[in-house]
Amino acid sequence: MNHELIIVLDFGGQYNQLIARRVRDMGVYCEVIPYTASAESLKARNPKGIIFTGGPKSVNSDGAPFCDVEIFRMDTPILGICYGMQAMAKLLGGEVSRAETREYGLTRVKYGESQLFEGVNTDNTCWMSHGDHVSALPEGFTAIASTDATKLAAMQNEARGLYAVQFHPEVNHTNQGDLILRNFLFGICKCGGDWKMSSFAKEAVASAAAKIGDKKVICAMSGGVDSSVAAMMMHKAVGKRLTCIFVDHGLLRKGEGDEVERIFKKEFDVNLIRVNCEREFLGRLVGVTDPEQKRKIIGEEFIRTFERVAKEIGEVDFLVQGTIYPDVIESGTESADVIKSHHNVGGLPDVIDFREIIEPLRDLFKDEVRRVGMELGLPESLVMRQPFPGPGLAIRIIGDVTREKLEILREADWIMRDELEKSGLARELNQYFAVLTGARSVGVMGDERTYDHIIAVRAVTTSDFMTADWAKIPHDVLGRISGRMVNECKGVSRVVYDITSKPPSTIEWE
Ligand code: XMP
């Protein structure tokens, strides 16, 4: 790899990959590396700049993470963000203390003179999330931004190329946060910005080919975008030495399994085995109502099925999985709590004997995965498809999963997709689906009283799926969706619209 590199030094903050993807969006290749990396190892990578991330700890607490102090002598520009600013201050002789007023969310800020803030409106807002602040600057530093509560909201030592901000420019990116990152990359680090996603795809294919050599690979496919892109990447790398096992658990949307089979087998001549095992999955889900339990069972059954089929193929060395970054973070990292255990990250049982797992998309966000998919030549209908959770419709049926409920939900989901596509809205929405709420309500059909299912309609707009806004679908479209669901799905008496954002809700109901 001979392109420019920015290193994001990870102190455990929840936005570390978001920083990385902003940098990649600006055309500079970027990698997230643990804070424990030695200055020597970073130097060997010859980065154009280093960004310190935020982190959940206080620099004054026991076991607070600190980086190798030699990093400051590398002569490489550094930008500290949040905890990264505090760590920089502390390591260089400044002071950090508990802030009297904790700032959270959009906060008024005044930016001062600095190359970092070139072109940025001086009277502005920034995005804050901190309990500590820098209370005394290290020697050689000056303050370059302030808020009402935080005098030292940013600092610099221009001569040494050291910059730091208490706020999160990567979160507030549309409101000149991007400009601040740009100033760091292009003004201070002097990056050229000519890296593209196509380079990632090419390099990832080449490095997978080199790693796999003449060995065999299998890939677990679930029917979603991520595992499809990962599979295609491996197909490009090793052709027929790849076998894809498409475990169709019967929890997919209408028509989806057939489409995946057609594209991979017919259009791309990929070695693909489709295993239809709805019966086994439903059998194991009888009476299970707890969402995490459903995920675990489906994850386990998926692996078990996969393992059974894999054994028939014989010895393989590598297993490819389509894990993407939000799966990793939401399943909990060393420093972040588990929100949902995504089944494609849960890990494989020890009984499976593979030499190594390859997760080529592990650092990417959804929209980046799509760009890779397009680069690899996958059809837009598949690549631009909205994300679909590994456990499928099972986590959109609140309560236990039965074949009858699945049929109702599959039809309702199809109606929703159909209406949104017809109205031209589908492209503007990032995810939309129906949920069988598990509640029943009284209705009247003809002259008869009914007591049937309530379907919830969920639609969100988001760019990274870490946060999302509920979509404002016009009432007439909602009306058509509701009318058709009640008329065409037997057993549905009422349709409601979910108007919560993420956070505090998640996108899926379970
Ligand atoms: P949440 O509900 O956590 O969803 O806001 C964020 C994104 O992740 C998808 N999702 C999953 N994907 N396995 C997956 O592969 C899962 O268990 C899972 N749960 C949620 C969800 O559809 C959304 O795009």
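Being a predicted model, the structure only gives us computed values, none of them experimental. First listed ligand is number 1; within each ligand, the first listed atom is number 1.
Atoms of ligand 1 found under 4.0 Å from any heavy atom of P391 (numbered from 1 in listed order, with element): 13 (N), 16 (C), 17 (O).
At a heavy-atom cutoff of 4.0 Å, ligand 1 is contacted by the side chain of K502 but not by its backbone. Residue contacts with ligand 1 for S222 are absent, since no atom lies close enough (heavy atoms, distance under 4.0 Å).
Salt bridge annotation for R304-E280: absent, with no cationic side-chain nitrogen under 4.0 angstrom from a carboxylate oxygen.
For atom 14 (C) of ligand 1, the nearest non-hydrogen atom from the set A468, G390, A394 belongs to G390.
In terms of N/O distances under 3.5 Å, ligand 1 is not approached by R396. When only interatomic distances are considered, the shortest N/O to N/O separation between P387 and ligand 1 does not fall below 3.5 Å.
Among pairs with a residue in residues 229-242, those fulfilling salt bridge (charged side-chain N to carboxylate O under 4.0 Å, His left out) read K240-D269, at least two apart in sequence or across chains.
Of the N and O atoms on the side chains of N430 and T462, not one donor lies less than 3.5 Å from an acceptor on the other residue. Side-chain contact annotation: T289 with D400, donor-acceptor N/O pair under 3.5 Å absent.
Within the cation-pi definition used here (under 6.0 Å to the ring centroid, within 45° of the axis), R396 qualifies as a partner of F433.
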